[in-house]
Protein chains: 2
Amino acid sequence: MSLSPLVETFVLHFGEMGGRWGVNRTVGQIYALLFLSDRPMNADEVVEALGISRSNVSMGLKELESWRLVKKKHLPRDRRDYFETPADVWDILRILAEERRKREIDPTLSMLRDVLMEPPATAQDAFAQTRMRDMHEMIELLTDWAEDVKRLSDTDIRNLLMLGSKVVKLLQVKSALVGMGRADSTPSGGA
Amino acid sequence: MSLSPLVETFVLHFGEMGGRWGVNRTVGQIYALLFLSDRPMNADEVVEALGISRSNVSMGLKELESWRLVKKKHLPRDRRDYFETPADVWDILRILAEERRKREIDPTLSMLRDVLMEPPATAQDAFAQTRMRDMHEMIELLTDWAEDVKRLSDTDIRNLLMLGSKVVKLLQVKSALVGMGRADSTPSGGA
DNA sequence: TTGTTATTTCAGTAATTCCTGAAATAACGG
DNA sequence: CCGTTATTTCAGGAATTACTGAAATAACAA
């Protein structure tokens, strides 16, 4: 691995983190490398930078493409494939959220809906279903919210985050002024 | 594995999901089993329910305790350890967020701060640092926000989520009324 | 077509992770 | 103390996952 110490630190760290996020070390490293690069890189450059086999790089890039975390790019007089990551970190977050939703959340929600349809055979099963119902409700709230926030501009998201839980206070004031007991009764909705 | 079909479906699903979340299949299964149980279970009952070795259960429970996702409980005339999960799904979410922050986010932030201190040796390094700075800023915004929201009551969180991005509209109205250009200038703060 | 370069696939192996049974430790009651 | 029961540790083996080199495929130029 022939990288500046700065880049190497970051790349190695993301290699480790990859493991905890369901991708293997080299996939994490490839992603980190491309993220820090100021220009698209081709597969051989990745091989050279990380000291792993050409075939491994090919597989890693393919996986990252399936996550939409890297995109192919072509340079004018060059037949080789070049790769780059989205530049904006908020875009990256959006993409990651969408992909994880598709791969983990949606199948889980669907599985929960299925088992919640079943008539409980025992008291145990009935109890299990109440827990599953709670979980289903929570996940649905979270994903609907995420879907909603996703459409905001970067700056709107930043403002929203910076406000944090102060929003709640604000809502309470609003409810008081308008004279409603609750903050809002219609869940989710357009941007 | 001798479980009702209902529970079995859920347990197997969480076993699979475990892999994507940095814990192994059996740890996911043990957690799922305890989550659905209407009473604390001891290790032998888990062995019986999941058909895995006693030692494996011991290790799995230990890992789940380290995540604070299960707690030991003792029954009156019984020397054995019993285990249960927090009942409230929002608590579970809070705990999960805290633990993942401690294990993944904080070390990443610390590593980013370190490399951002280094004077860049090359133009490449300088560019890499701008990317790292973006990432650092985003992660910090997100974690401060999460820290802030964590302190809210379940119902406040639910209201906040149900509002979704409508909050932004509301803020714009508020800014207009009060005559400020921005929503708020002091990031984070108490509940 | 043929030759050249780029990329992917995949069988075999290396490396890692997971699981088990056996042994050690601990926590009691008598 | 001893005997019993509960739990943990851990070395070794089983299972899984990751990686490589070689061969196949693809994409092009001449």
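Side-chain atoms are counted along with the backbone in the values below, which use heavy atoms only and exclude waters and symmetry mates. Within every chain, numbering begins at 1; the chains are lettered A, B, ... in the order of the sequence lines, protein sequences first and strands thereafter.
Regarding contacts with the backbone of C/dC19, a side-chain N or O of B/Asn24 is found under 4.0 angstrom from either OP1 or OP2. Distances shorter than 4.0 Å separate none of the side-chain N or O atoms of B/Lys62 from OP1 or OP2 on D/dT7. Taking only side-chain nitrogens and oxygens, A/Ser58 comes nearer than 4.0 Å to OP1 or OP2 of C/dT8. Within the 4.0 Å cut-off from OP1 or OP2 of C/dT7, at least one side-chain nitrogen or oxygen of A/Arg54 is found.
Relative orientation of the B/Phe35 and B/Phe10 rings is parallel, given thresholds of 30° and 60° on the angle between their planes.
Among the protein residues, A/Asp81 comes within range of the sugar-phosphate backbone only, with heavy atoms under 4.0 Å from sugar or phosphate atoms but none that close to a base. Here B/Asn42 lies out of heavy-atom contact (under 4.0 Å) with every strand.
With salt bridges taken as basic N to acidic carboxylate O contacts below 4.0 Å, none links B/Arg80 and B/Glu45.
Minimum atom distance to the side chain of B/Lys72 is reached by D/dT8, of the listed D/dT8, D/dT9, D/dT20.
Residue B/Ser55 places a side-chain atom within donor-acceptor reach of the base of C/dG21, judged by atom type and a 3.5 Å distance cut-off alone. Taking only distance into account, the side chain of A/Arg79 never meets the base of C/dA6 through a donor-acceptor pair shorter than 3.5 Å.
In the displayed structure, A/Arg100 atom CZ is contacted under 6.0 Å by more than 12 heavy atoms of other residues, nucleotides or ligands. Heavy-atom contacts from other residues, nucleotides or ligands closer than 6.0 Å to CZ of A/Arg68 number more than 12.
Atom CG in B/Asn56 sits about 13 Å away from atom C1' in D/dT8, given to the nearest Å. Atom pair A/Ile52:CD1 and D/dC19:P shows a separation of 7 Å (rounding to whole Å applied).
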